[in-house]
Amino acid sequence: MTFLEKQTDPTSPMHWRGDMQADYLYPNGWAGDRFFKNLRDKGTFLATRCPKCSKVLFPARLYCEDCFVEIPENNWIEVPTSGIVRLYTFAKLDAHWEPLEKPRCMALIDIEGTDGSILGVLDVEETDEDLTGLPVEALLRPVKEREGTMKDIVCFKPSV
Amino acid sequence: MSRKVCVIGVGYSDFNSMTPDIQWKEMMYGACQKAYRDAGIDVRKDVDSFITCGEDYWEGFSIFDEFVPDQIGAVLRPCMTITGDGLYGLGTAYMQIKTGLLDTVLVEAHSKISDLLTPGEIMLHAMDPIFDRPVTGPVQRPRYGGSPTYTKEEPKPLIGATDEKQRVHPYFLAGMEMQHYLRTTGTTEEHCAQIVAKNKQAAFHNPMADYEANITAEDVMGSQYLFKPLKSLEISPNVDGAIAFVLASEERARELGVEPLYMSGFGWCSDTPWLGTREFDGGYAAKAARMAYKMSRIERPREMIDIAEVDDRFSFKELQHLEALDLAKPGEGAMLLEDGELGRDGSIPTNVSGGSLGVGNCYEATGLQKALEIVVQLRGEAGRRQVDDAEIGLAQAWRGIPSNSGAVAIFQKGGA
């Protein structure tokens with residue numbers, strides 16, 4: 001380093017302990033509102049079909065990220081709350097690098113009838129089996145408890 | 001004819017797992033002083049523009065760019081901060097010099113991650129707040145805007161207390177991607193473990209490295225699954241440190257009597273933030289490389305690149321990136337590793353610095369750590385880890401979890 005003298009007493013360095021309050025209201029947006037209100041009220045997922053490339057965008061969006069075109073009103077479609085496991089892992093640590101109570105299977109689920117997927121917790125015990133391609137369906141909160149957020153999806157369960 | 005851009009000075013601080021004795025400003029000052037000395041310039045007279053790379057959330061400041069001019073010699077001078085990896089800083093400096101308006105530019109990036117007590121929580125804030133973040137675990141936040149009121153009975157939660165417990169660490173995304181990489185390429189967990197052993201062993205010859213270790217692939221295989229199949233030793237541990245580069249036009253380098261070392265190409269690319277529409281195949285690195293190769297007139301990267309420093313913040317990422325960079329065919333990374341081609345004496349020496357697994361994860365400074373190694377190697381100053389006849393080198397960095405973005409820079413000894 002460039003300084004002539006440095007701290008050499010390990011008990012000497014001092015600091016100011018700061019923190020940061022950061023609370024937000026994140027708007028769902030037009031497409032998000034419609035998606036979550038539908039989830040809350042009808043218990044299904046919504047997707048949108050790009051008029052140019054015909055990709056089925058999921059979760060429903062107002063524009064196609066490949067073609068950069070808007071989605072017309074009649075291109076909204078209802079899709080089932082089921083799909084197959086695309087990616088997954090068994091996570092053991094929380095955000096503070098402390099062990100989770102039990103390993104949690106985090107998964108990206110390809111939603112049936114769409115070209116998109118959604119993040120979810122998979123309700124399975126830890127296994128060495130390859131879960132890729134496993135058919136799963138969403139377990140939703142009872143209608144009365146739904147609030148129109150991702151919390152309405154309790155988890156994904158293997159289809160029976 | 002377009003002017004050429006050279007690296008005329010580099011400097012770096014000590015790298016340590018924690019640095020409670022020194023402030024981030026002092027760390028930056030030290031790295032920049034060394035770079036100015038290396039270039040043989042007077043910062044207050046000779047530098048036309050200053051670029052730092054930092055992320056408000058990591059740093060613990062809003063508007064971090066306000067906090068940088070004094071410790072780098074940039075008070076009342078053109079100065080900017082890029083919210084991204086240091087390679088983006090190099091690319092921006094490259095373009096500034098290419099315009100012909102500026103001759104000498106400073107680029108700095110650093111990690112003072114040990115100052116941050118809640119890096120996992122901050123990283124969760126990088127995930128989509130509507131669709132992804134709620135899935136990471138229980139969140140019981142006030143259902144209104146503005147400050148919640150805390151009472152004696154319900155005090156403000158302490159770090160890690162109450163509502164923040166049991167939210168999964170965002171590194172789960174690396175575990176998912178590794179599972180996908182192994183399944184689609186036929187690469188094994190053992191191969192990934194070998195990457196860790198290779199890099200941590202290589203780090204013994206890099207005085208800058210903080211995480212050198214005499215370990216074998218078996219040791220790595222025996223370490224705990226944290227985000228299965230990702231194991232604890234396959235995750236690059238955090239490190240603090242600052243790195244500075246001085247870039248200049250070729251004419252300026254010659255005026256200063258510095259042997260030109262050229263930055264001949266740069267590319268960058270951002271994939272979609274939506275997890276659900278990504279390919280998880282390092283496509284961002286492939287496209288960034290294509291752009292940089294074209295600029296550098298590199299038609300056959302596998303033959304022409306003499307040394308590569310690629311992002312290895314998780315073991316499998318080194319192999320995935322090598323393949324994306326067209327330095328290996330898809331799925332061929334593991335074979336090159338087995339054949340010793342990625343070692344110092346191999347045909348494509350990769351992360352001989354020890355990489356992020358050996359040096360440590362220095363966050364926004366990751367790209368500059370990779371670029372620094374290339375510069376040191378092309379100068380022939382790498383000591384026992386020196387790669388013979390290194391003429392063209394590649395540095396690549398990824399933006400880290402949860403991103404799918406990154407940049408590539410190419411450096412050449414002569415000609416360019």
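Heavy-atom basis, side chains included; hydrogens, waters and symmetry copies ignored. Owing to the predicted nature of the structure, the values given are computational and were not obtained by experimental measurement. Sequence lines set the chain letters: A, B, ... in the order given, protein chains first and strands last, and positions in each chain run from 1.
- Taking A/R86, A/Q7, A/H15 one by one and counting their heavy-atom pairs under 4.5 Å with chain B, the maximum is reached by A/R86.
- If you measure heavy-atom distances from B/L182 to chain A, you find no contacts under 4.5 Å at all.
- Ring pair B/Y181/B/F316 is tilted by interplanar angle, where 30° to 60° counts as tilted.
- Ranked by non-hydrogen atom pairs under 4.5 Å with chain B, the options A/P13, A/P10, A/G29 are led by A/P13.
- Taking the ring centre of B/Y12 as origin, the terminal cationic atom of B/K34 falls inside the region bounded by 6.0 Å and 45° from the ring axis.
- At a 4.5 Å heavy-atom cutoff, the contact between A/P99 and chain B is made by backbone atoms alone.
- For the set B/D21, B/I122, B/L275, B/L226, the count of heavy-atom pairs under 4.5 angstrom toward chain A peaks at B/L226.
- The cationic atom of B/K317 (NZ for Lys, CZ for Arg) does not lie both less than 6.0 Å from the six-membered ring centre of B/F314 and within 45° of the ring axis.
- Annotation: cation-pi geometry not satisfied between A/R61 and A/W30 (NZ/CZ under 6.0 angstrom from ring centroid, within 45° of ring axis).
- Checked against A/S82 for a side chain to side chain donor-acceptor pair (under 3.5 Å), the options A/K157, A/E112, A/E137 give a single hit: A/E112.
- Heavy-atom distances place the side chain of B/Y171, and not its backbone, under 4.5 Å from chain A.
- Under 4.0 Å is where a charged nitrogen must lie from a carboxylate oxygen, and between B/D271 and B/R278 no such pair does.
- For the options A/D110, A/T114, A/I153, A/D130, heavy-atom pairs under 4.5 Å to chain B are most numerous at A/D130.
- Ion pairing of B/R133 with B/D128 is absent here, as no side-chain N (NZ or NE/NH1/NH2) approaches a carboxylate O to less than 4.0 Å.
- Only the side chain of A/E65 comes within contact range of chain B, with at least one heavy atom under 4.5 Å from a heavy atom of that chain.
- For A/D9, no part lies near chain B; criterion is any non-hydrogen pair under 4.5 Å.
- Residue contact with chain B, scored on non-hydrogen atoms closer than 4.5 Å, involves the backbone of A/P27 exclusively.
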